[in-house]
There are 2 protein chains.
Amino acid sequence: MIDAAGLRVMRAIADEGSFTAAALSLGYSQPAISQMVRRLETRTGTTLVERVGRSVRLTEAGAVLARHAGPVLSALDAAEEEVAAIAGLRSGRVRLMAFPSASATLVPKALAKVKAKHPGVSITFSEGEPRESLAALRAGECDLAVAFVYEGTDLGRGEEDLEPFVTTPLLDDEVLLAVPRSHPLATSTQVDMAALQDETWIAGCPRCRGHLLQLASTAGYVPDVAYETEDYVAVMGLIAEGLGIAVIPDLILKTVHHEDVVALPMTPASRRHIVAVTTPDLQRVPAVKATLDALVESAEAAAKWAAQSSGR
Amino acid sequence: MIDAAGLRVMRAIADEGSFTAAALSLGYSQPAISQMVRRLETRTGTTLVERVGRSVRLTEAGAVLARHAGPVLSALDAAEEEVAAIAGLRSGRVRLMAFPSASATLVPKALAKVKAKHPGVSITFSEGEPRESLAALRAGECDLAVAFVYEGTDLGRGEEDLEPFVTTPLLDDEVLLAVPRSHPLATSTQVDMAALQDETWIAGCPRCRGHLLQLASTAGYVPDVAYETEDYVAVMGLIAEGLGIAVIPDLILKTVHHEDVVALPMTPASRRHIVAVTTPDLQRVPAVKATLDALVESAEAAAKWAAQSSGR
DNA sequence: GCCATCCTATAACCAGAAGTTATCGAGATC
DNA sequence: GATCTCGATAACTTCTGGTTATAGGATGGC
């Protein structure tokens with residue numbers, strides 16, 4: 001019934017003492033004020049201003065409205081400013097989730113970028129395997145997830161449903177075969193998956209295990225998985241001791257290096273795609289967008305560095 | 001830019017959890033909410049709600065708006081209620097001025113009526129001769145004045161300018177000649193003004209003095225005014241002691257009665273009109289209107305009583 | 001796996017709020 | 001008494017904020 005614009009007008013009249021001056025101070029024309037007051041008067045059913053001579057004076061009811069204008073308008077301004085701060089990246093919060101090996105380099109770099117560019121934006125970060133982070137995204141407990149998809153597992157179908165989300169490719173991570181330096185194949189430049197039928201295998205996380213099974217399946221056999229651990233330091237240790245071999249993404253090999261383990265390209269080549277996942281709506285939230293952009297930048301830098309490093 | 005309606009919608013969405021439920025709770029249709037949110041989003045330049053599956057969830061910015069809705073809306077409601085109270089006569093203040101002899105009966109009766117009917121309305125009352133009360137009315141220091149005009153002095157012209165005001169007749173007060181019981185004319189039923197050329201006069205307030213001068217002037221002489229006082233009790237005392245005679249309005253004679261003074265009708269008959277005066281705007285203010293109505297009622301009752309009393 | 005159901009988005013439309021310019025009339029000023 | 005200023009009014013335009021009707025996508029039961 002009564003709105004902020006009305007209060008603003010009444011306050012201007014109280015402050016300025018005339019319709020014309022109030023109109024000027026609000027950037028309106030004089031008749032606009034005249035009509036607005038009349039509208040308010042019919043709405044409230046009371047006289048709000050007293051037209052005396054060529055000036056006007058507020059009645060009691062009019063003074064009441066003018067008096068209430070202050071609190072209401074400043075509260076509105078506060079709300080507007082708060083939203084503007086979020087829109088202008090002077091404020092805002094992003095809840096980011098990423099799988100563990102992404103946390104090592106990609107995420108920290110991106111966080112640093114955002115922090116440098118938009119100090120007001122706070123990012124809360126937690127680790128989680130793709131399955132968890134996507135569930136959190138779906139549940140609204142997370143705004144942006146860094147996940148991965150193994151090449152070959154159909155995007156959009158299968159265990160994780162990427163349908164309601166938008167994915168942004170970050171890195172293509174080649175999956176390599178990790179064997180002990182003492183292994184007969186350690187000197188090969190390339191290894192055929194089909195030639196590994198009799199090996200003993202070490203599997204990583206459940207999804208990685210699934211990927212291994214799929215690779216073997218395409219090659220026509222079921223691998224003998226002797227060990228399972230999500231701790232890749234442990235995996236490297238196991239390999240170094242000759243207890244088995246494993247398929248390990250390049251990105252992980254870059255972080256947990258072991259001198260007694262060599263990594264070899266495989267045929268058929270296998271990759272995992274590291275992607276940032278969010279919803280179309282959240283992607284438009286400035287802070288989320290900024291974080292996403294930072295992730296893309298960091299990923300590009302990492303890819304360049306990787307290319308150089310593999311080049312020499 | 002951002003208004004109360006928008007906040008109300010955002011709060012409803014936050015409370016109800018869906019556009020449809022919010023629409024229902026606000027009495028709108030569902031598309032109205034949908035559009036309102038979109039409008040707000042384009043205005044703020046930020047995503048406010050996250051459309052997830054068949055439900056919606058507020059983003060950080062959306063939550064900010066919903067959070068601010070409470071204070072703003074309740075402040076608006078308070079303003080509205082306060083104005084409604086004034087409009088509904090549950091509140092309100094009237095600044096009433098009346099000339100002294102009106103204060104004796106007319107005004108107290110009217111005040112009592114208003115107080116009984118609208119206990120929330122407070123009336124501040126002060127005495128003042130017509131000149132003062134009209135000045136106060138003009139200056140906005142008074143909402144309603146009870147004044148009088150002597151018949152013969154042109155309404156609307158002369159010393160007090162009644163032009164910008166609206167006047168409501170209250171009583172017609174006959175002006176009588178007050179003489180001591182011992183006066184030769186005391187037994188007359190009617191006295192001609194022309195026959196009083198050689199009397200010694202007592203004048204009341206300046207205006208009453210002016211009226212006396214005018215009456216004498218029409219009768220063709222200048223009266224010998226020996227005493228002037230605004231205190232009518234004193235006037236009566238002076239008359240009773242045979243120090244002079246006076247023209248006194250009936251209403252005053254009713255209140256300050258003296259057994260040694262008799263009041264006689266005069267020819268030509270002279271009256272003063274007692275009126276309530278206010279501005280067209282103020283007359284529409286409920287509390288002022290109620291007080292005015294009460295004055296009219298009290299005046300009618302007084303007139304009836306006077307008719308009976310003069311009848312027997 | 002399909003169908004019923006529930007939710008949001010969109011289109012097309014409509015009324016009224018809210019602004020404009022142009023002009024009038026009344027008060028105040030010199 | 002002429003002039004200047006201020007408010008009211010009229011006529012018109014624009015755009016906000018609603019409506020109904022309908023399409024489209026997600027969810028959940030059978």
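Note on naming: letters A, B, ... go to the chains in the order of the sequence lines (proteins, then strands), and numbering restarts at 1 for each one.
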[N] [atom2] sits how many Å from [X] [atom1], rounded?
X	N	atom1	atom2	value
L40(A)	dA8(D)	CG	C1'	16 Å
Y28(B)	dA15(C)	OH	C1'	15 Å
Q30(A)	dT23(C)	CD	P	15 Å
F165(B)	dA26(C)	CZ	C1'	15 Å
R57(B)	dA26(D)	CZ	C1'	14 Å
M36(B)	dC15(D)	CE	P	18 Å
I33(B)	dG18(D)	CD1	P	8 Å
M1(B)	dT16(D)	CE	P	13 Å

(Q) Below 4.0 angstrom, which residues in residues 2-23 of chain A have at least one non-hydrogen atom near DNA chain D? (A)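 Under 4.0 Å from DNA chain D: S18(A), F19(A), T20(A).
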**Q.** Residue from D173(A), L171(A), D172(A), V149(A) passing side chain to side chain contact (heavy atoms under 4.5 Å, CB included) with R271(A)
**A.** D172(A)
Q: Report yes or no: do E50(B) and T59(B) form a side-chain donor-acceptor pair below 3.5 Å?
A: no
Q | Q30(A) side chain to T20(A) side chain, donor-acceptor N/O pair below 3.5 angstrom | A |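 Side chains of Q30(A) and T20(A): no pair found under 3.5 Å.
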Q.
Of the listed nucleotides (dT19(D), dT16(D), dA9(C)), which one gets closest to any side-chain atom of R43(B)?
A. dT16(D)
Closer than 4.0 Å, any side-chain N/O of [X] to the OP1 or OP2 of [N]?
X	N	value
R38(B)	dT10(C)	yes
R51(A)	dA8(D)	yes
S29(B)	dT19(D)	yes
R39(B)	dT16(D)	no
S34(B)	dA9(C)	yes

Q. What's the shortest heavy-atom distance between A61(A) and V83(B), and which atoms?
A. O-CG2, 4.0 Å
Q) Which atom pair, heavy atoms only, marks the closest approach of G128(B) to M97(B)? A) CA-CE, 4.0 Å
Q.
Please check if the number of heavy atoms outside R90(A) that lie under 6.0 Å from its CZ is greater than 12.
A. yes
Q. Should E41(B) and R284(A) count as an ion pair when the cut-off is N to O under 4.0 Å?
A. no
Q. With distance as the sole criterion, do the side chain of Q35(B) and the base of dT8(C) form a donor-acceptor contact below 3.5 Å?
A. no
